[in-house]
Amino acid sequence: MDIKAIKKEAEKDIDSAKNLKELDDIFKKYLGKKGEITRILRSLKDLSEKQKKETGMLANKIKKELEINIKEKKYVLQSSDWLASKFQDIFDITVPSKKLLVGHLHPITIVRRKVEEIFQQMGFSVVEGPEVETEWYNFDALNIPKDHPARDAWDTLWLKPESQKLLLRTHTSPVQIRYMEKNQPPLRIIAPDRVFRHEATDASHDVQFYQLEGLMIGKDISAANFVAVIQEFFQRFFNKEIKIRLRPSFFPFTEPSFEMDINCVNCQGKGCSVCKQTGWLETLGAGMVHPEVFKACGYNPKFWQGFAFGVGLDRLAMMKYKINDIRLFYSSDLRFLEQF
Ligand code: FA5
């Protein structure tokens, strides 16, 4: 066999060697005392000067290459032998590995991000405030003075010691005050954040939930601007035509105040169990910012006007995904969470 064919065959053998014993045999077959390459090198002396030089150079080159190949293969076999011997009693290294469980976003986070994206496209900035609030920001600056019956509307979790008058914020409206104190109009902000209430829970009420506060202030911002912005928001959020209606309401920090309903996204306003056969879903509270609120933030109410609104993000998520119990969001039940 010619020397190049021997090389090819040797490489094939090295490749298919399954253990160190087989590799050792291959070494002997080609490079051992009676090996095929060794035999060629020994027979050089019988060749002419010219052939001696050519064949000698080629045989030595192939010898070195095969030595390297064998050495590399030895490392590979040694390390897998080592792994197998070390762990064979503990586990079977040939079993395919388990798939890692990968987490995903919570439905409230998905909704929150979507809402932020829509409002940002309409020129609103996203701002935040603290979850532990003072009485001033949660109530007084919002025109809800101490001992005013309106405070009862927000079942408050007060923090100890009571003398400090710290509380878990009951709504995101204090974020408006904090922002207006530090910034001058015109402005457009939203504050999507967590709030807390000392309430009995049921299918649509929880003790912690998320609200989205919106605020737009300028020289001549009117309720008509509110209707335009909020209708556009709902249409983009639900990806369908949405009708809205306003009903008179009361919030100490807005005047006039209104509740806003949207036509039921489940039955398109025809009447179903979701909307209690009314065709409408109560969605948010809103109104024109009260002059007393402007004064508390250092704005002149003669120059500035605008609207504010507050909507439950959990309730938006419930409408979007047709979820019938708000408590599912906080139950950590994977059967529920894995659907998103
Ligand atoms: C407020 O909290 C006002 N700050 C909203 C507002 C802002 C009005 C700016 C005017 C101007 P209300 O208490 O109605 O309002 O709550 C607003 C929304 O939060 C409700 O429409 C509802 O979607 C949601 N919400 C209220 N209580 C709960 C609760 N316990 N669990 C889940 N969502 C709730």
Can you tell me if NZ on K243 sees more than 12 non-hydrogen neighbours from other groups inside 6.0 Å?
no

- Task: Indicate yes or no: does R245 engage D261 in a salt bridge with an N to O separation below 4.0 Å.
- Result: yes

So, do V195 and Q208 sit near enough that their side-chain heavy atoms are less than 4.5 Å apart? no

dist M318:CE -> I326:CD1 (nearest 0.5 Å) comes out at 5.5 Å

**OP:** Taking the six-membered ring for Trp and the full ring for Phe, Tyr or His, determine whether the centres of Y210 and F329 are under 6.0 Å apart.
**Re:** no

message = Does any part of the side chain of T109, heavy atoms only, come nearer than 4.5 Å to the side chain of R113, both counted from C-beta?
response = yes

Strictly distance-based, threshold 3.5 Å: is any side-chain N or O of R42 a donor or acceptor partner for the main-chain N or O of K33? yes

Donor-acceptor contact below 3.5 Å, side chain E162 vs main chain W158
no

dist Q176:CD -> L187:CG (nearest 0.5 Å) comes out at 9.5 Å

Q. Is it true that W136 and V132 fall in one hydrophobic cluster, defined by side-chain heavy atoms closer than 4.5 Å?
A. no

**Q.** Side chain to side chain, L284 and E259, heavy atoms closer than 4.5 Å
**A.** no

### Query
F119 vs F233 aromatic rings, parallel, tilted or perpendicular, using cut-offs 30° and 60°?
parallel

**Message:** Let's go through N300 and F294 carefully: what are the C-alpha distance in whole Å and the side-chain angles of both, what is the deciding distance for side chain to side chain contact (heavy atoms under 4.5 Å, CB included) to 0.1 Å, and is it a yes or a no?
**Reply:** CA-CA 7 Å; N300 185 341; F294 281 147; over 6 Å; no

Checklist entry - For the side chain of N60 and the backbone of M57, is there at least one donor-acceptor N/O pair under 3.5 Å apart? => result no

Nearest heavy-atom approach of P192 to V127 is CD-O, 4.0 Å

query: Do the side chain of D15 and the main chain of E11 share a donor and acceptor less than 3.5 angstrom apart?
result: no

(request) List the steps and the verdict of side-chain hydrogen bond (donor to acceptor under 3.5 Å, both in side chains) for N138 and T170. (result) CA-CA 7 Å; N138 200 78; T170 55; 2.9 Å; yes

Checklist line | Test item: T283 side-chain N/O and L281 main-chain N/O as donor-acceptor pair under 3.5 Å | finding: yes

So CE of M260 and OG of S249: to nearest 0.5 Å the spacing works out to 13.0 Å

Is I118 linked to L105 within one hydrophobic cluster, defined over Ile, Leu, Val, Met, Phe, Trp and Tyr using a side-chain heavy-atom separation of less than 4.5 Å? yes

**Asked** Centroid-to-centroid, H171 to F253, below 6.0 Å?
**Response** yes

Electrostatic pair K295-E292, nearest N-O below 4.0 angstrom
yes

Practice prompt. Report yes if some heavy atom in the side chain of I110 is under 4.5 Å from a heavy atom in the side chain of F340; otherwise report no.
Written response: yes

Review point. When you measure from the side chain of T278 to the backbone N and O of W280, does any donor-acceptor pair fall under 3.5 Å?
Key: yes

Over 12 non-hydrogen atoms of neighbours within 6.0 angstrom of CZ in R194: yes

Do F309 and F251 belong to the same hydrophobic cluster, where Ile, Leu, Val, Met, Phe, Trp and Tyr are linked whenever their side-chain heavy atoms lie under 4.5 Å apart, directly or via other members?
no

Worksheet item: Does R151 pair with D140 as a salt bridge, N-O distance under 4.0 Å?
Response: yes

Taking it one step at a time, do F209 and F196 satisfy ring pair (Phe, Tyr, Trp, His ring centres under 6.0 Å)? CA-CA 7 Å; F209 56 99; F196 308 84; 8.6 Å; no

A59 and I40 have their tightest heavy-atom pair at CB-CG2, 4.2 Å

Can E67 and K71 be counted as an ion pair, charged N to O under 4.0 angstrom?
no

Inset, instruction - Any chance you could lay out the side chain to side chain contact (heavy atoms under 4.5 Å, CB included) test for M319 and F237, step after step, and finish with the verdict? - result: CA-CA 11 Å; M319 287 180 209; F237 183 73; 6.0 Å; no

Worksheet item: Can you check whether K34's main-chain N or O pairs, donor with acceptor, with T38's side chain at less than 3.5 Å?
Response: no

What class does the angle between the rings of F258 and F226 fall in, given that below 30° is parallel, 30 to 60° is tilted and above 60° is perpendicular?
tilted

If the plane angle is over 60° it's perpendicular, under 30° parallel, otherwise tilted; pick one for F238 and F234. parallel

Exactly one candidate in D25, N19, D24 meets side-chain hydrogen bond (donor to acceptor under 3.5 Å, both in side chains) with K21; the answer is D25

Would you please say whether a donor-acceptor pair under 3.5 Å links the side chains of Q305 and Y299?
no

Any chance the side chains of Y30 and E9 put a donor and an acceptor closer than 3.5 Å?
-> yes

- Item | Axial cation check for F139 ring with K146, 6.0 Å and 45° limits | no

Would you indicate whether the side-chain heavy atoms of I242 and V265 approach each other to under 4.5 Å? yes

Would L313 and L168 show up in the same hydrophobic cluster when neighbours are defined by side-chain heavy atoms closer than 4.5 Å? no

Does the T201 side chain pair with the main chain of D206, one donor and one acceptor, at a distance under 3.5 Å?
no

### Query
For L58 and K4, what are the C-alpha separation, side-chain angles and deciding distance, and is it a side chain to side chain contact (heavy atoms under 4.5 Å, CB included)?
CA-CA 9 Å; L58 187 61; K4 284 190 184 153; 4.3 Å; yes

Distance col, row E65:CD vs K7:NZ, nearest 0.5 angstrom, shows 4.0 Å

Quick one: does R188's side chain have a donor or acceptor within less than 3.5 Å of a partner on L215's backbone?
no

Path from W154 to L159 over hydrophobic side-chain contacts below 4.5 Å: no

Got a donor-acceptor contact below 3.5 angstrom from the T254 side chain to the F250 backbone?
no

No-hydrogen, no-angle side-chain donor-acceptor test under 3.5 Å, S43 and D46 = no

Between S173 and L142, the two heavy atoms sitting closest are CB-CD1, 3.6 Å

side-chain hydrogen bond (donor to acceptor under 3.5 Å, both in side chains) test vs Q121 passes for just one of R236, E232, E116, namely R236

Query raised in the report: Does atom NZ of K240 have more than 12 heavy-atom neighbours from other groups under 6.0 Å away?
Result: yes

Exactly one of E213, E128, E133 clears salt bridge (Lys or Arg N to Asp or Glu O under 4.0 Å) with R178, and that residue is E133

Tightest non-hydrogen contact, residues V111 and A317, listed as CG2-CB, 3.7 Å

Nearest heavy-atom contact between I217 and G306 is CD1-CA, 4.0 Å

In this structure, NZ of K74 is separated from CG of L23 (nearest 0.5 Å) by 8.0 Å

CG of L41 to NZ of K63, rounded to nearest 0.5 Å, is 6.5 Å

Check: Can you tell if the side chain of K219 reaches within under 4.5 Å of the side chain of P186, non-hydrogen atoms only?
Finding: no

| V293 side chain reached by M180 side chain, heavy atoms, under 4.5 Å | yes

Between A191 and T172, the two heavy atoms sitting closest are O-CG2, 3.8 Å

Heavy-atom count check: over 12 atoms from other residues, nucleotides or ligands less than 6.0 Å from E49 CD? no

